[in-house]
Amino acid sequence: MYNIYKYYNVLELEQSLKNQFPQASNGITILPPLLKKIGYKYVLAYLVIKTPIEIDHHLGVTRPIGVIYRNRKNGKVLNIYNFEQYEFIIGNDDYNREYYSLESHPDFLPNRTPENEEGYRLALELLYKISNKITLFKGIDNKLYEEYKNFLKKLFPPNYMCFYDALQNNDIFEVNDVILQLRNEANKNHKKEQIIKQERANQINKIARQDFIEELKKEIYDFVESDILSSLDKKSPYAQIDFYVYLGKMLKNIVEDEKKYFNCYSITLTRAAIEQNKTIVFENQKVQLVKTYAKACAKTVNEDDNVNNVCEAIFNFLDAEIEEELIGKLTSEIKTKITQSLNKIDTLLSEVLDQNAYNYLKPIWLEIQNDYFNMPKENEISDLYYGYKFIQTKIKKSDK
């Protein structure tokens, strides 16, 4: 008898009976049972729910999909009620309605944290004591049983306890045409509400995403400015180009990948979860920047004077381009710098003997000329200019 009131026994029951509830694609979760009187006997009555499925980092808990009756002494399954054919509560016809989310309510079941699982175990131990004291003449110890039900209230939010009340007090009955019609209407209304809700969420998330991107960019800039830039400026121009190319790729990816950082701003998550996710992303980006900086500084071609002469001239060209954007016009001084750079870089490239360096720099030079003369869309700007402009524009603005 005692083993029936062990937590592992419930987990085994979930596995053995999951096929009885095919509508639960992610499996079933069996909630702590009640003692329900059927005729002259008390049985263990378990609510069955769908195991929540994570959608966009969100885990919603819906209403029960069934009930299981077991013999309280030997654990034999007496009845299985799948609510596709049965019902036990009136007015809760929407099987898709979310009653609470596990992000907002991590302290509640079926969130299987160590604390919640321990709460489940303690509840079963208390129920065992109550069940063990039941006699034919005295029945159930109502005071102790009320203590058990109060224990359950700590494992679920108040709005979910209506299902425990219904399980305790109501009979289970077969569905009829009226109930099926109510369920169909509830399903239609739910879909309409979800469309409206999703449209509203998309609008809010769009703004939240932009705010997050700006915050992430600021984190990246502050880190580069405080922890990398002073050291990078002392490295070879070739190493600097390598770093800024990677930085440009990183920044573009942040802007273009709309799904990657969804858990850093989604309105479906709690503020605490969002802040935790953002911290992880910020730290990962910093680690990648440090690794990229180390790789850029370790290349042997960094010591090639011909290569570095080309890179230094490229930076002069980029500085003139940024200066023109900041001023908003092409001055005679900037025009001279641009013209000199155009002539100089082509000449210097022809003097590069290292084939790998030449093959790397030649396309970069063509790309940044395209940036200047054809003014492509922001996402089509060269990686080098994207990354270099991001850092240098802020620095030049702060210097003024």
Side-chain angles (χ1 to χ4, degrees), residues 213-256 282 285-286 288-297 299 302 307-342 344-345 348-349 360-400:
I213 288 175
E214 293 305 316
E215 186 178 358
L216 178 53
K217 283 183 175 181
K218 184 178 184 304
E219 284 283 331
I220 291 173
Y221 173 79
D222 289 344
F223 179 71
V224 172
E225 196 271 336
S226 63
D227 291 63
I228 292 180
L229 205 56
S230 60
S231 176
L232 181 65
D233 288 342
K234 299 175 184 177
K235 302 301 179 181
S236 71
Y238 187 82
Q240 293 177 37
I241 280 186
D242 210 31
F243 176 80
Y244 282 117
V245 166
Y246 176 81
L247 178 61
K249 290 181 185 293
M250 173 187 283
L251 293 169
K252 283 183 178 180
N253 179 261
I254 290 171
V255 174
E256 293 171 4
F282 293 161
Q285 296 288 8
K286 292 174 184 178
Q288 291 304 314
L289 286 167
V290 170
K291 288 182 177 179
T292 300
Y293 170 68
K295 290 179 181 178
C297 294
K299 293 187 175 181
N302 288 335
V307 170
N308 284 312
N309 287 337
V310 174
C311 297
E312 189 172 343
I314 286 176
F315 279 122
N316 288 335
F317 181 88
L318 295 177
D319 287 332
E321 186 176 356
I322 292 173
E323 190 68 24
E324 181 180 338
E325 287 194 26
L326 289 174
I327 295 175
K329 62 180 180 179
L330 179 63
T331 64
S332 58
E333 182 180 354
I334 293 173
K335 184 177 181 180
T336 299
K337 290 180 180 178
I338 293 292
T339 302
Q340 289 177 346
S341 296
L342 287 170
K344 187 175 184 180
I345 293 173
L348 292 173
L349 266 173
Y360 180 64
L361 292 174
K362 180 67 175 181
I364 287 177
W365 172 226
L366 295 176
E367 287 176 352
I368 60 177
Q369 288 183 80
N370 181 63
D371 294 338
Y372 183 75
F373 291 109
N374 296 325
M375 294 182 290
K377 298 177 182 178
E378 185 176 12
N379 64 326
E380 297 174 353
I381 294 173
S382 68
D383 295 332
L384 173 59
Y385 188 53
Y386 202 101
Y388 187 68
K389 177 184 174 183
F390 174 75
I391 297 297
Q392 295 302 319
T393 298
K394 293 181 182 294
I395 291 175
K396 292 180 184 298
K397 284 182 177 180
S398 64
D399 289 342
K400 290 185 178 181

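Just so you know, residue 1 is the first one in the sequence shown, and it goes up from there.
Test Ile322, Leu326, Leu318 against Gln392 for side-chain contact (heavy atoms from CB on, under 4.5 Å) and you get one pass: Ile322.
Here the shortest heavy-atom pairing between Ile334 and Ala320 reads CG2-O, 3.6 Å. Contact between Gly387 and Leu247 at its shortest, heavy atoms only, is O-CD2, 3.6 Å. The two residues Ser382 and Lys252 come nearest to each other via the heavy atoms C-NZ, 3.9 Å. Of all the heavy atoms in Asn370 and Pro376, the pair that sits closest is O-CD, 3.6 Å. Minimum heavy-atom separation, Ala313 to Ser341: O-OG, 4.1 Å. Heavy atoms only, all atoms of each residue included: Phe315 and Pro237 are closest at CE1-O, 3.5 Å.
Partners of Tyr221 according to the side-chain hydrogen bond (donor to acceptor under 3.5 Å, both in side chains) rule, which considers only residues two or more places apart in sequence or in another chain, do not exist here. For Tyr372, the ring-ring contact (aromatic ring centres under 6.0 Å, His included) partners two or more places apart in sequence, or in a different chain, are Phe317.
From Asn316, atom CG reaches atom CD1 of Ile345 across 8.0 Å, with rounding to the nearest 0.5 Å. Atom CD1 of residue Ile338 and atom CG of residue Asp319 lie 9.5 Å apart, to the nearest 0.5 angstrom. To the nearest 0.5 Å, atoms CG (Leu232) and CG (Asp227) are separated by 12.5 Å. Interatomic distance, CD of Glu219 versus CG of Leu289, reported as 11.5 Å (0.5 Å rounding). Distance check: Phe390 CZ to Ile395 CD1 gives 10.5 Å after rounding to the nearest 0.5 Å. We find the CD1-CD1 distance between Ile314 and Ile364 to be 6.5 Å, quoted to the nearest 0.5 Å.
Within the 4.5 Å cutoff, side-chain heavy atoms of Met250 are placed close to those of Ile220. A 4.5 Å side-chain heavy-atom check between Gln369 and Leu342 finds at least one atom pair inside the cut-off. No side-chain heavy atom of Phe282 sits under 4.5 Å from any side-chain heavy atom of Phe223. When side chains are defined from C-beta on, Val310 does not count as touching Trp365, because their heavy atoms never get closer than 4.5 Å. Between Lys217 and Val255 there is a side-chain heavy-atom pair separated by less than 4.5 Å. Considering only heavy atoms from C-beta on, Tyr388 stays 4.5 Å or farther from Gln240 through its side chain.
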Problem set entry | Pair Leu384-Glu367, side-chain contact (heavy atoms from CB on, under 4.5 Å): steps then yes or no | CA-CA 9 Å; Leu384 173 59; Glu367 287 176 352; over 6 Å; no
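The residues Lys295 and Asp242 are annotated as not salt-bridged, no charged nitrogen and carboxylate oxygen being separated by less than 4.0 angstrom. In this structure, Glu321 does not pair ionically with Lys389, as no charged nitrogen and carboxylate oxygen lie closer than 4.0 Å.
Using a 3.5 Å distance cut-off with no hydrogens or angles, the side chains of Asp371 and Tyr386 do not pair a donor with an acceptor.
For Lys344, the NZ atom is loosely surrounded, since the number of other residues' heavy atoms within 6.0 Å does not exceed 12. When the shell of 6.0 Å around CD of Glu333 is examined, it contains 12 or fewer heavy atoms from other residues, nucleotides or ligands.
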